[in-house]
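Here is the structure we will look at.
Numbering of residues begins at 1 and proceeds along the displayed sequence. For ligands, and for the atoms within them, numbers begin at 1 and follow the listed sequence.
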Amino acid sequence: MSEQNLKAAAPSAKRSTFSGRLGFVMAAASSAVGLGNLWRFPYLAAQYGGGIFILVYIIIAVTFGFAIMTTEIAIGRKTKLSPIDAYKKADKRFGWLGWLAFAIPVIIMPYYSVIGGWVTKYAVDYGISLFNTEIVQNAAGDSYFTAFISEPLTPLIFFAVFFILSSVIVIFGVQKGIERASKILMPMLIILSMVLSVYVATLPGAGEGIKYYLLPDFSKFSLTTVCAAMGQIFYSMSLAMGIMITYGSYMKDDVSIVKSTNQIELFDSIIATMAGFMIIPIVYMFSGEEGLKSGGAGLMFISLPKIFAQMPMGSLIGLVFFILVFFAALTSSVSLMEAIVSMLIDRFKMKRLTACIGVLIFTLLMGIPSSLGNGLWADVKIIGMDFLTFFDFISNSVMMPILACITCILIGWVVGTKYVTDEVTKNGEKFGRRKIYEIMVKFIAPVILLIIFVFYTLSAFGVVRI
Ligand code: PHE
């Protein structure tokens, strides 16, 4: 390493930090809780046998999810560097992994914010619908969503609004921006989801849906259930996006990594499970088992609005729901942006404001193809996919499993698991799941990641169905 590079890779004396464990956990949990919890988990649970899926999910979360998250947070805190330099510091030969970790949020950020823009539009619509109920009926129309996303301008405007809001939070920095926003938005998100779940449970006929959600249906259990749960945890906990390394690098040395990881896992799983209580009973009530088959955007932007239009107090419930989704998406997008900004600050010695403005302009431009891919540019396909689907595929199904897999090899076999376990126990803390951790990182997680890679790639090409 040249002297200059070494200097660039040295932790800066005045690196920002989260104020303490609460600040760190809130920020990391607010990254983890996102669209994955709200639109994907309930759909997967409904699809893969209810209670049995939830059980498998929790088991994988506290073993596999915990091992990868602990690794990332420990690498970050040990090096006090964001991913590009952190990997290099761990082992010079693995420096290129840092660039992969840089590329992933750069690819995800624009399209995630395009979807964030759709959520913003729906939150605004339901806000207006309190005064003009016609909107709720319109939103329930078959072509409302497709007409909106295929329009050239409106989705771009909402995307810009959403992303500018994320940028404002990031510009304020780690404690004053991210930590403060998470400490306000996360409790609100929890309260809103509790209010909605309780309200849904009181609706006549909700019991059937809750039963459908919770009772295990073993006939739907197969290897696919396990693969689906593995992939979901990986995405839902914001792993392999450079985020947990970055946030770990802002963690104070006296904060417990074990306790923090446990709490983030808990938060993420509780919100995911609660999302099931909000969504499954109402979809089941109004459209039966069939209604639960449309996952993702279809469920959120087409099925649910139809139900809000038939429900008592549909405008208000729709508004609360989309505000909740908006908060979840906003804090995830903030964490993506912070990962990029922190790499620019560390590696290129940029000022926070300059880095934020650079990322803002870049993202606004890069989001254009993902936004127009549903309308004007619908004919442009990359390996048969529109822009948004392609960026999602290449990051989630290809780059992220590869990054996480090689990270496990780096820690498990090259620098040794002591690299992480020493960091975890350096305050004399007990590392209860140490053995599980070691076995996971060395043997099981790399195999799981390889399976995720193969399984999700095959599913993107329609060979298997998730
Ligand atoms: N963990 C997020 C979720 O569940 C995924 C995510 C995080 C995506 C951060 C982008 C950025 O939705």
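Within the 4.5 Å cutoff, side-chain heavy atoms of Ile451 are placed close to those of Cys227. Looking at heavy atoms from C-beta onward, Cys408 lies in side-chain contact with Leu449 at the 4.5 angstrom threshold.
Listed by atom number, the atoms of ligand 1 under 4.0 Å from Ser236 heavy atoms are 1 (N), 4 (O). Against a heavy-atom cut-off of under 4.0 Å, Ser31 is close to the following atoms of ligand 1: 1 (N), 2 (C), 7 (C). Each of the atoms 9 (C) of ligand 1 lies under 4.0 Å from some heavy atom of Ile243. Each of the following atoms of ligand 1 lies closer than 4.0 Å to a heavy atom of Tyr235: 1 (N), 2 (C), 3 (C), 5 (C), 8 (C), 12 (O). Remark: ligand 1 atoms within the under-4.0 Å shell around heavy atoms of Leu35 are 3 (C), 12 (O). Those atoms of ligand 1 that come under 4.0 Å of a heavy atom in Tyr112, given as number and element, are 8 (C), 10 (C), 12 (O).
Here Lys80 pairs with Asp253 in a salt bridge; the nearest charged N to carboxylate O distance falls below 4.0 Å. Ionic pairing of Lys220 and Glu289 is present here: one or more N-O contacts between side-chain nitrogen and carboxylate oxygen are shorter than 4.0 angstrom.
Between Tyr87 and Phe94, the gap from one ring centroid to the other reaches at least 6.0 Å. Checked against the 6.0 Å centroid threshold, Phe308 and Tyr126 count as a close aromatic pair. Note: Phe301 and Tyr122 meet the aromatic proximity criterion, with ring centroids under 6.0 Å apart.
If you look at Asn37 next to ligand 1, the close heavy atoms, those under 4.0 Å, come from the backbone and the side chain alike.
Atom 11 (C) of ligand 1 has as its closest protein heavy atom Leu336 CG, 3.1 Å. Ranking the protein heavy atoms by distance from atom 7 (C) of ligand 1 puts Ser238 OG, 3.3 Å first. At the shortest separation from atom 2 (C) of ligand 1 among protein heavy atoms lies Ala32 O, 3.4 Å. Nearest protein neighbour of atom 12 (O) of ligand 1, counting heavy atoms only, is Gly36 N, 2.7 Å. From the protein, the heavy atom lying nearest to atom 6 (C) of ligand 1 is Met241 CE, 3.8 Å.
Residues Tyr437 and Thr71 bring a donor and an acceptor atom of their side chains to less than 3.5 Å of each other.
Pairing each heavy atom of Ser16 with each of Val174, the nearest pair is CB-CG2, 3.5 Å.
The shortest heavy-atom distance from Leu38 to ligand 1 is not under 4.0 Å.
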